[in-house]
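Below: one structure, written as structure tokens.
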Amino acid sequence: MRNTRRSLTRESAPETVRAPFRAKRRLLESAAMASLLESGRTHTCQQLRRDHVDERVTLFGWVHRRRDHGGRIFVDLRDREGITQVVFGPDIHQDTHAQAESLRSEFCIGIAGKVVDRGDNENPNMETGGIEVEVDALEIFSASDTPPFTISDDDRLETNENVRLRYRYLDLRRPSFQRNFATRARISYITRRTLADLGFYELETPYMVKYTPGGARNFLVPSRLHPGSFYALAESPQIYKQLFMVAGFDKYFQITRCFRDEDLRNDRQPEFTQIDVELSFATPERVFGPMEQLMGALWSEILGTELPRPFPRLSWQEAMDRFGSDKPDMRFGLELHDATAASRDCGFRVFDGAPCVKGLCVPPDQAGGLGRNQLDKLTDFVKKRENGAAKGLAWVRVAKDGSWEAPFAKNVKPEAKAAITEAMGAEPGSLMLFIADEWETVHTVLCALRLHLRDRFELVPPGAQWRFLWVTDFPLFEQNDKGQWVSSHHPFTSPRPEHVDLMLSDPGVVRAQAYDLVLNGNEIGGGSIRIHRSDVQAKVFTALGLSDEDARAKFGFLLDAFRYGPPPHGGIALGLDRIAMLICGAESLRDVIAFPKTQRGQDLMTGCPTPADDPQLEELYIRHRPLPGGEGTGESGAG
RNA sequence: GGGGCGGUAGUUAAGUUGGUUAUAACGCCGGCCUGUCACGCCGGAGGUCGCGGGUUCGAGCCCCGUCCGCCCCGCCA
């Protein structure tokens with residue numbers, strides 16, 4: 001449907017006029033076909049330089065752009081490596097020049113000819129701009145419909161994402177994508193080489209696994225052989241890699257796909273790739289070492305950057321206190337300051353009534369950029385975060401004499417003002433921004449505000465900075481919205497040994513031997529030391545409110561395995577897609593995943609997911625309920 | 001589940017208070033052109049204004065609903 005009109009305009013009119021010419025050209029094409037493809041290309045479209053002048057070369061690629069001057073036709077020939085200008089002319093080769101008149105964008109062709117120096121006509125904007133190829137043989141491997149958008153990295157030709165996703169194979173032809181996927185391939189290669197050299201076995205685990213409750217929502221796969229039963233797509237190889245340790249494999253890694261049926265984001269896809277690692281006789285440091293080595297190899301070989309090692313470590317508590325985040329962006333300051341103690345009984349009801357009062361102190365040189373209007377916008381910003389958890393933003397401008405300019409200034413006792421100003425590290429001209437609320441709200445909102453100001457004031461100095469960070473000692477448990485204790489990481493995470501006895505009496509303070517690898521505010525990996533002692537595991541299940549029967553039903557096979565001499569072990573999983581995104585400088589995960597899904601989980605190219613046929617469903621003994629808002633016809637496909 | 005931005009020619013966009021034949025650029029088609037490199041010049045074709053309903057003498061524009069894309073919160077390590 002979509003190309004009918006275009007092909008008509010292209011084909012119909014000239015077909016009659018040019019029929020004899022075309023017949024002749026077909027003969028020429030078929031004659032060339034045998035030779036060029038057969039003999040193969042001699043170079044890529046990136047290689048030729050002045051050194052190659054006078055050589056006879058063969059290039060294969062796509063018509064990137066065509067400039068027809070009548071007596072001269074210039075074609076920019078593009079392959080995955082680069083672009084080379086090739087030129088046709090009657091004085092170079094009469095028939096080939098005539099043949100080249102039919103070339104259009106994205107035709108896939110092969111050319112042969114002589115490399116010539118462009119002399120004064122060189123193009124300094126092209127790496128191959130010093131030369132061109134004078135073509136004496138052209139082979140059109142295949143023609144192309146007019147592409148729906150121009151294959152280019154030029155911002156001025158930017159196309160809507162839905163169109164690009166529908167023609168993903170064309171979008172991927174752009175030079176920037178070609179580069180990203182070349183980089184991604186190198187990341188995979190360097191990862192395999194580095195970890196293999198360190199003695200890790202690359203082993204595979206199943207994708208179709210037993211459903212385990214908790215954590216992310218699973219995709220389900222119905223079993224035909226067991227009607228009414230389902231596999232789950234693995235949300236991670238977690239349990240299997242632990243069983244590898246029980247099996248005595250000692251060190252394992254895998255570059256593997258994981259599946260999670262949760263809502264999508266810029267940096268979250270329903271299927272994504274992890275570098276999954278586990279090792280026996282592990283301590284956190286024995287996990288960090290190889291991972292730092294891996295990161296070092298990636299950054300060194302791909303970006304030419306030598307990362308300072310070891311990476312800094314920060315406890316979860318300190319990360320939260322100072323940055324309000326368990327994945328702080330360490331490239332700039334603007335840390336959180338605690339004014340809770342200083343503002344006790346200060347007279348301002350909002351502060352007095354809050355369990356936690358903390359804030360950011362914007363230094364004088366940036367504070368000037370925040371007028372009343374801007375502050376109102378910041379207030380709106382914080383009110384909208386976390387489903388509107390924060391009730392407002394309190395701001396104070398510190399005047400030259402240290403006095404306060406703030407809507408509520410006269411409510412606050414003078415001695416409290418001084419104490420708060422001091423606690424915030426403010427000086428004359430500073431702007432203090434406070435959130436007074438529950439501990440969690442204060443920190444999450446200030447974290448969001450901190451990142452917002454980072455972007456607003458461009459607080460990250462220009463130039464690539466890579467601030468890796470290990471965040472350690474996460475809480476072992478957290479409370480869900482029903483007040484139940486649940487695992488922060490997963491139930492096999494080991495508590496710090498000295499906290500084992502606190503698990504039942506004071507679960508909230510127990511810290512886990514769990515850690516995240518953070519880079520510039522992005523979580524790029526996370527892992528833990530696992531529990532290998534059944535008495536400790538039993539206490540965790542008790543703390544989680546899991547009965548023996550429940551635990552056996554859910555994880556019986558693992559508990560059984562752990563009765564046979566499990567080694568102490570631990571590991572980590574790194575997000576390969578996110579790492580690729582950061583190394584490539586991409587803004588979205590979609591830029592480093594070849595065939596991504598949209599935010600609603602669809603593949604716009606294939607149109608999936610699609611309703612299943614009745615016979616398929618019948619075979620699986622599946623019948624779905626009436627669809628929301630529909631008649632139950634399964635009508636939910638793309639429109 | 002919630003908030004925000006967007007959807008007009010193949011593509012990117014403009015479109016006034018609701019008013020006659022919906023504009024432009026790029027692309028496409030035809031012609032010309034031997035040094036372009038975002039080639040240039042002349043001519044031409046191309047529209048279900050996302051979809052459905054409503055208000056109106058009249059809707060791209062106003063109202064209601066709905067679909068799709070992106071960003072964010074919840075959710076998710």
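Remember, it's a predicted structure, so these values are computed and weren't measured experimentally. Every chain is numbered from 1, with letters handed out A, B, ... down the list of sequences.
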Quiz prompt | Atom-pair distance (CZ on A:Arg600; C1' on B:rG2), nearest Å | solution = 15 Å

Quiz prompt | Below 4.0 Å: OP1/OP2 of B:rU36 and any side-chain N or O of A:Arg67 | solution = no

Quiz item: Among the nucleotides B:rU34, B:rU11, B:rA77, which one has an atom lying closest to any side-chain atom of A:Val163?
Solution: B:rU11

Quiz item: What orientation do A:Phe474 and A:Trp316 show, parallel under 30°, tilted 30 to 60°, or perpendicular over 60°?
Solution: tilted

Quiz prompt | A:Arg268, nearest nucleotide to its side chain (from B:rC70, B:rC76, B:rA77) | solution = B:rC76

Self-check item: Separation of the C1' atoms in B:rA24 and B:rG15, to the nearest angstrom
Solution: 11 Å

Quiz item: Do A:Gln85 and B:rU36 share a donor-acceptor pair, side chain to base, under 3.5 Å?
Solution: yes

Quiz item: Looking at the side chain of A:Arg265, which of B:rC73, B:rC37, B:rU11 is the nearest nucleotide?
Solution: B:rC73

Quiz item: Considering only the P atoms, how many Å lie between B:rA22 and B:rU34, rounded to the nearest integer?
Solution: 40 Å

Exercise. Compare the ring of A:Phe74 with the six-membered ring in the base of B:rU36 and state whether they stack (centres under 5.5 Å, planes under 30°).
Key: yes

Quiz prompt | From B:rC37, B:rA77, B:rC33, nucleotide with atom closest to A:Asp76 side chain | solution = B:rC37

Quiz prompt | A:Phe253 side, atom CZ; A:Ile275 side, atom CD1 - distance, nearest 0.5 Å | solution = 9.0 Å

Quiz item: Should the pair A:Glu158-A:Arg164 be classified as a salt bridge under the 4.0 Å nitrogen-to-oxygen rule?
Solution: yes

Quiz item: A:Asp261 near the nucleic acid: base, sugar-phosphate alone, or nothing, with a heavy-atom cut-off under 4.0 Å?
Solution: nothing

Practice problem: Using only heavy-atom distances, decide whether a donor-acceptor pair under 3.5 angstrom links the side-chain of A:Glu161 to the base of B:rG7. | Solution: no

Quiz item: Which is true for A:Glu132 with a 4.0 Å heavy-atom rule: it touches a base, it touches only sugar-phosphate, or it touches nothing?
Solution: base

Quiz item: Mind checking the P distance from B:rA38 to B:rC28? Whole angstroms is fine.
Solution: 15 Å

Quiz prompt | OP1 or OP2 of B:rG10 under 4.0 Å from side-chain N/O of A:Arg166 | solution = no

Practice problem: May I have the distance from A:Ile83 (atom CD1) to B:rA38 (atom P), rounded to whole angstrom? | Solution: 11 Å

Quiz item: If you draw a 6.0 Å radius around CD in A:Glu440, do more than 12 non-hydrogen atoms from other residues or ligands fall strictly inside?
Solution: no

Practice problem: Using the closest heavy atom to pick a nucleotide of RNA chain B for each, name whichever of A:Asp516 or A:Ser105 lands nearer the 5' end. | Solution: A:Ser105

Quiz prompt | Counterpart base for B:rC70, defined by Watson-Crick or G-U wobble contacts under 3.5 Å | solution = B:rG4

Quiz item: Rounding to the closest angstrom, what is the interatomic distance between B:rC26 and B:rG3 at atom P?
Solution: 42 Å

Self-check item: Whole-angstrom distance between B:rA13 and B:rC70, as gauged at atom P
Solution: 16 Å

Quiz item: Is any side-chain heavy atom of A:Phe595 closer than 4.5 Å to a side-chain heavy atom of A:Leu172?
Solution: yes

Quiz item: Can A:Phe259 and A:Tyr207 be said to form a ring pair (Phe, Tyr, Trp, His ring centres under 6.0 Å), step by step?
Solution: CA-CA 9 Å; A:Phe259 306 88; A:Tyr207 285 148; 5.6 Å; yes

Quiz item: In Watson-Crick or G-U wobble terms, both distances under 3.5 Å, what is the partner of B:rG44?
Solution: B:rC28

Quiz item: Hey, is the side chain of A:Gln269 poking within less than 4.0 Å of OP1 or OP2 on B:rC76, counting only N and O atoms?
Solution: no

Practice problem: Report yes or no: is there a donor-acceptor pair, N or O only, under 3.5 Å between the side chain of A:Arg164 and the base of B:rG69? | Solution: no

Exercise. Nearest whole angstrom, please: distance from the C1' of B:rU12 to the CG of A:Asn162.
Key: 13 Å

Quiz item: When you compare B:rG53 with B:rG6, how far apart are their P atoms, in angstrom units rounded to a whole number?
Solution: 25 Å

Quiz item: Is a side-chain donor or acceptor of A:Asp603 paired with a backbone partner of A:Met605 at a separation under 3.5 angstrom?
Solution: yes

Quiz item: Would you say B:rG27 has OP1 or OP2 under 4.0 Å from some side-chain N or O of A:Thr146?
Solution: no

Exercise. Kindly compute the distance separating CD (A:Glu438) from NE2 (A:His443), expressed to the nearest 0.5 Å.
Key: 12.0 Å

Self-check item: For atom CZ of A:Arg118 and atom P of B:rU36, their distance in whole Å
Solution: 9 Å

Quiz item: When the C1' atoms of B:rU16 and B:rG31 are considered, how many whole Å apart are they?
Solution: 39 Å

Quiz item: What distance, rounded to whole Å, do you find between the two C1' atoms, one in B:rU55 and one in B:rC42?
Solution: 48 Å

Quiz item: Counting only Watson-Crick or G-U wobble pairs whose two distances fall under 3.5 Å, which nucleotide matches B:rC33?
Solution: none

Exercise. For B:rU12, take OP1 and OP2 only and decide whether either is under 4.0 Å from a side-chain N or O of A:Asn160.
Key: yes

Self-check item: Donor-acceptor pair under 3.5 Å, A:Arg66 side chain vs B:rU36 base
Solution: no

Exercise. Could you tell me how the ring of A:Phe492 sits relative to the ring of A:Phe555: parallel (under 30°), tilted (30 to 60°) or perpendicular (over 60°)?
Key: perpendicular

Self-check item: Counter-base of B:rU17, judged by Watson-Crick or G-U geometry with both distances under 3.5 Å
Solution: none

Quiz item: Rounding to a whole Å, what distance do you find between A:His490:NE2 and B:rC76:C1'?
Solution: 15 Å

Quiz item: Under the 5.5 Å and 30° test, is A:His69 stacked on the base of B:rU36?
Solution: no

Quiz prompt | Selection from B:rG69, B:rC71, B:rA38 that lies nearest to any side-chain heavy atom of A:Arg65 | solution = B:rA38

Quiz item: Is the shortest side-chain N to carboxylate O distance from A:Lys327 to A:Asp516 below 4.0 Å?
Solution: no

Quiz item: Considering only heavy atoms and no angle criterion, is a donor-acceptor pair shorter than 3.5 Å present between the side chain of A:Asp263 and the base of B:rC75?
Solution: no

Exercise. Figure out the CG/C1' separation between A:Asn266 and B:rG69, and round it to whole Å.
Key: 14 Å

Quiz prompt | Exceeds 12 heavy-atom contacts within 6.0 angstrom, atom NZ of A:Lys597 | solution = yes

Practice problem: Quick one: label A:Gly129 by what it contacts on the DNA or RNA (base, sugar-phosphate, nothing), any heavy atom closer than 4.0 Å. | Solution: nothing

Self-check item: Enclosure of A:Arg49 CZ (heavy-atom neighbours >12, cutoff 6.0 Å)
Solution: yes

Quiz item: What about A:Arg104, does its side chain sit under 3.5 Å from the base of B:rC29 through a donor-acceptor pair?
Solution: no

Quiz item: Between B:rA77, B:rG69, B:rC71, which one does the side chain of A:Arg590 approach most closely?
Solution: B:rC71

Quiz item: If you look at every strand shown and take non-hydrogen atoms under 4.0 Å, does A:Ser236 touch a base, only sugar-phosphate, or nothing?
Solution: nothing

Quiz item: Side-chain donor or acceptor of A:Arg260 under 3.5 Å from a matching atom on the base of B:rC75?
Solution: no

Quiz item: Rounded to whole angstroms, how far apart are CG on A:Leu77 and P on B:rC37?
Solution: 19 Å

Quiz prompt | Separation of atom CG in A:Asp326 from atom P in B:rC76, rounded to whole Å | solution = 14 Å

Where do N or O atoms of nucleotides 22-25 of chain B meet protein N or O atoms at under 3.5 Å, pair by pair?
none

